[in-house]
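The structure appears right after this line, and notes come after that.
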Amino acid sequence: MEPKIAEKAWDPKLENAILKKWEKEKLYDFQLSDNNYTIDTPPPYPSGRPWHIGAASHYAQIDMIARTARMSGKNVYFPIGIDRNGLPVELYTEKKHGIRMRETERGEFLELCKNALDDLEAEMIQIMKSLGLSGDFKNYYRTDSEDYRKFTQETFIDLWKKGVIYLATRPNNYDWVSGTTIADAEIVYEEIPTKLVYMKFITKETKKEIIIASTRPELLCACKTVIVNPNDERYSDLIGKELIVPLTNREVKITPHHSAKIEFGSGAVMVCSYGDQNDVALFRELQLGEVIAIGLDGRMTEVAGEYQGLKPKQARTKIIEDLKNANLVEKIEDISHRTPLSERSKTPIEIVPMEEYYLKQKDSLEKMKKLGEEIEFYPNMHKQILMNWLESISIDWPISRRRFYGTEIPIWYCNECSEPFVPEPGKYYRPWKDKCPAGKCEKCGNTEFTGEERTFDTWMDSSVSPLFVTKFNRDEEFFKKTYPTAIRPQAKDIVRTWLYYTLLRCEKLTGEKPWSEAWIMGYGLDEKGMKMSKSKGNAIDPLPVIEKSGADTFRFWSASEINQGYDFRCSEQKIESTRKFLSKLWNVSRFLSSFPVIKSGQISESDKWILSELDKLISVCKEGYSKYNFFIPSTAIREFTWNIFAAQYIEIAKARAYGIGFTDEERDGAIFTLHKVLSTILKLLAPITPFITEHLWQTLYSQDSIHKENLPDIENVDDMSEMTQLLSEFNSKVWNEKKQKELSLKDSIKIDVPETLSQFKKDLIAMHNLESN
RNA sequence: GGGCUCGUAGUCUAGCUCGGUUAUGACGUCGCCUUUACAUGGCGAAGAUCCGGUGUUCAAAUCACCGCGGGCCCA
């Protein structure tokens, strides 16, 4: 019989047609039912080209979660969203058009951002689709849509009414490049070379010289005290005495404090508002009055005297010169200093007192820990990231940002008495341009208002993703049937932010946890194990890789190469070489396609053996799938298909399948078993490589999609796995002997079938053309 | 400084829970082979101080302890 499959290899170009067919058949459309499995899909941020190959791999695996659930009989809701709020697009737009946000009309700037996002988003959607994501693309949402922003504002108004939002002036992490406050979670630390300046302070009474080392001499004008360790004998007689600050000639006290390290610098430390977080803690503890030395424009203020208007770095250079000229410097060391940077703009943050809105979180920490305990983490070890973070939270969450491209904080202020007005939910508010919905101020009756200009931290938007996709407050039935959602898949670097904030917000709004499971993925690194970045030039663009090798190859690589939760290395060569397995699967199928698909036959001992191995494979795969660990099924299937099914069983059963020297019933047993095994492999593999399995399934077995099938169940065939090695050893022995004797594989040879394999004797004699004994 | 986590060929990985073969398989490398559905293949080879040390034991990749190294987080 001619094989139904003629082509000699799987052609990834077929994927496109399969995609179109799925779309036409509405295969993955979601209809609400009582058995919903909701995925809180991470909405990717279109930050620029190329998209990260690690992220593409994340999404491929998230799709495997969806397909696994679908093939386990669940009604899968797999929403697709795009995260479009926040700083990166503002920076991208400024650079692209050579403009500055604050010097551009706000409405115009927002329009430019929106256009940039549309471009970047289109490519991302294309990659996600071509990866075979079985998500709800038709209803994909954007976090900057009126609908979403209205929703974010509603949740804010709700929290405002609950009294968990407040205004406070606090030293804040301030990123002066992006001109906004940032949360602790957005700070990254880097070792940066800097100068440690040993300055000469003078004691007021005795005119004795005291050396104080600092990396921030420009903050001399904001120095309010000098601390020394109480155990430091060098200074014990000076505690409580006054020092003259160089250049400014102000007087400050020497205070004992345990945080002064005896061995660092000279042991005496100047405390300024604010050099670092430690200064903040000391100012609070010692109740010092702060001096604002750096303004919101990132430049020195008038308290800096002649240094006013300079950037801190410029001021530092100048002040070091001046100190040197005045002979007030003992020495200068070049050191490497662990500097806090803004994660987004990568510039050193300053600590500046500012009035911002806060969301209370400190009083929820115990509750959060409890919820964290209840949520199942895959892999479990990453739960620790959340727990450690919960342990270290010390201040409430600052939620206001001085940026443009974000959800506006829906507040107006009375021009007369400054009383804030928060409108009713139900509308998208833009206070920077909309008229205040209140006729007059409730407090003073004034009718003039000023709109709030700030926006929310983007995590305020993305932290309600599980509520948005389940239609919280908008469709009660839908919400009831989909929330709490089943699973939150995400990357491990945003556990402290996205995962935590979602937990916090959803609990505050619904009293429940947002998901019962969290699935945490590692980073994609380059082939040497370095972090990929556009600036280093080691980033791999996923689009050409997928176009060249095909989505299934990429997906199988992702599944078989990445250990759950661990960082992984990406190399194009390795991805491409994964394709060999798909070729193998293709050719196995091509061979089987020359035999009719039949319902039954007389099962021989070798058939029972492969069916028992197949049972084992099913168990292993289902175990792996149940833990969302795709490494387990992908490697098990490859191993079984290649080394057991193709290399051993097909060879053993081939002669019987051709029916030479066997009865029709015996022949049918082989053909039945061959198809049984292949069709099972295809179903087991379908969540990982949906395209090739669909193509082969429909060519060989059914008009219907394989993705409507359920994962196969085991049939409890008697275990014969002890035979596997014996068979493969015997076969290798015969093949090797023929090779040594320079015989063709078809030639006959005299080798006895060992007693242990006597049950397979007939198949083995036919397979190797053994001289009967 | 503290916490978490990991350490098996160039790379990914199995084995570790519950100690016992010649340490599994794949990618890559090298050699041979038109030979079967598949040269996108087959056969074979080289490649591992199982991070190190000590202890327990007849026996340690596996158990215990002490180190070392990487990554992430916090200070």
Side-chain angles (χ1 to χ4, degrees), chain A residues 2-12 184-185 187-189 259 261 276-278 281 338 340 379-394 491-493 495-496 520 522-523 525-531 549 553 556-571 573-595 620 631-632 634-647 650-651 654-655 657-658 674 678 725 731-732 734-740 742-747 767-769:
Chain A
E2 278 299 300
K4 277 192 206 162
I5 299 170
E7 302 79 11
K8 284 186 101 176
W10 163 243
D11 182 359
D184 288 352
I187 293 176
V188 293
Y189 290 86
S259 69
K261 290 183 194 131
D276 57 24
Q277 284 293 348
N278 196 38
R338 194 160 166 276
N380 189 52
M381 64 175 179
H382 287 333
K383 183 182 281 199
Q384 210 55 44
I385 303 175
L386 173 66
M387 292 309 181
N388 291 349
W389 177 237
L390 289 173
E391 284 301 327
S392 67
I393 288 175
S394 61
K492 85 177 181 196
D493 52 341
V495 169
R496 296 188 302 155
I520 312 294
Y523 307 105
L525 306 170
D526 77 359
E527 53 198 329
K528 294 190 186 94
M530 302 294 285
K531 204 166 180 169
S549 306
T553 299
F556 194 81
W557 164 78
S558 174
S560 63
E561 192 77 8
I562 300 173
N563 209 3
Q564 190 175 38
Y566 290 85
D567 296 348
F568 53 95
R569 298 184 185 192
C570 307
S571 105
Q573 179 264 326
K574 205 139 189 182
I575 294 169
E576 179 59 20
S577 65
T578 311
R579 188 155 152 189
K580 290 172 68 171
F581 171 66
L582 300 186
S583 278
K584 192 71 192 176
L585 180 69
W586 178 269
N587 277 296
V588 166
S589 305
R590 188 161 89 99
F591 175 59
L592 293 215
S593 77
S594 60
F595 300 103
V620 170
F631 179 84
I632 293 172
S634 58
T635 52
I637 292 167
R638 179 174 59 197
E639 171 69 11
F640 172 86
T641 305
W642 211 319
N643 295 342
I644 298 179
F645 185 51
I650 290 182
E651 298 302 333
K654 194 183 278 176
Y658 284 133
L674 284 165
L678 178 61
Q725 200 180 348
N731 290 335
S732 291
V734 177
W735 287 324
N736 276 328
E737 212 150 303
K738 283 189 178 177
K739 192 180 179 186
Q740 270 172 25
E742 296 188 334
L743 294 172
S744 146
L745 289 179
K746 286 174 193 150
D747 292 342
M767 168 189 185
H768 293 299
N769 193 11

>> If the cut-off is 4.0 Å, is A:K580 near the phosphate of B:G28, judged by side-chain N/O to OP1 or OP2?
In response: yes
> How is A:Y566 classified with respect to the nucleic acid when contacts are heavy atoms under 4.0 Å: base, sugar-phosphate, or nothing?
Replying inline: sugar-phosphate
> Expressed in whole Å, how much space separates the C1' atoms belonging to B:C38 and B:A14?
Replying inline: 27 Å
>> Return whichever of A:K492 or A:E561 has its heavy-atom-nearest nucleotide of RNA chain B closer to the 5' end.
In response: A:E561
> At under 4.0 Å between heavy atoms, what does A:R579 touch on the DNA or RNA strands: base, sugar-phosphate, or nothing?
Replying inline: nothing
>> Does a side-chain N or O of A:K8 approach OP1 or OP2 of B:A37 to a distance below 4.0 Å, or not?
In response: no
> Base, sugar-phosphate, or nothing for A:A646, non-hydrogen atoms under 4.0 angstrom?
Replying inline: base
> Quantified in whole Å, what is the P atom distance between nucleotide B:A9 and nucleotide B:A23?
Replying inline: 14 Å
>> Would you say A:N563 places a side-chain N or O within less than 4.0 Å of OP1 or OP2 belonging to B:U13?
In response: yes
> When all nucleic acid strands are considered with a 4.0 Å heavy-atom cut-off, which category describes A:Y658: base, sugar-phosphate, or nothing?
Replying inline: sugar-phosphate
> If only side-chain N and O atoms of A:K584 are considered, is one of them under 4.0 Å from the OP1 or OP2 phosphate oxygen of B:G42?
Replying inline: yes
> Rounded to whole angstroms, how far apart are CH2 on A:W389 and P on B:C73?
Replying inline: 11 Å
>> With rounding to the closest Å, how many angstrom separate the C1' atoms on B:G71 and B:C30?
In response: 34 Å
> Just checking, A:K654 and A:F591: is the charged tip under 6.0 Å from the six-membered ring centre and within 45° of the axis?
Replying inline: yes
> So how far is it from A:L585 CG to A:L678 CG, rounded to the nearest 0.5 Å?
Replying inline: 6.5 Å
> In whole Å, what separates the P atom of B:A46 from that of B:A26?
Replying inline: 15 Å
> Which residue lies toward the 5' end of RNA chain B, A:S577 or A:T635, if each is placed at its nearest nucleotide?
Replying inline: A:T635
> Looking only at N and O atoms, is any donor in the side chain of A:E651 or the base of B:A37 less than 3.5 Å from an acceptor on the other one?
Replying inline: yes
> Quantified in whole Å, what is the C1' atom distance between nucleotide B:C72 and nucleotide B:C27?
Replying inline: 28 Å
> Base, sugar-phosphate, or nothing: which does A:K654 touch, judged by heavy atoms less than 4.0 Å apart?
Replying inline: base
>> Measuring only the P atom in each nucleotide, how far is B:U24 from B:G47? A whole number of Å is fine.
In response: 14 Å
>> So A:E391, base contact, sugar-phosphate only, or nothing? Heavy-atom distance under 4.0 Å.
In response: nothing
>> Between B:A60 and B:C18, how many Å separate the two C1' atoms, rounded to a whole number?
In response: 14 Å
> So does A:W642 get a side-chain nitrogen or oxygen closer than 4.0 Å to the phosphate oxygens (OP1/OP2) of B:G42?
Replying inline: yes
> Could you go step by step and tell me if A:T553 and A:F581 meet the side chain to side chain contact (heavy atoms under 4.5 Å, CB included) rule?
Replying inline: CA-CA 9 Å; A:T553 299; A:F581 171 66; over 6 Å; no
> If the P atom of B:A61 is compared with that of B:U49, how far apart are they to the nearest Å?
Replying inline: 14 Å
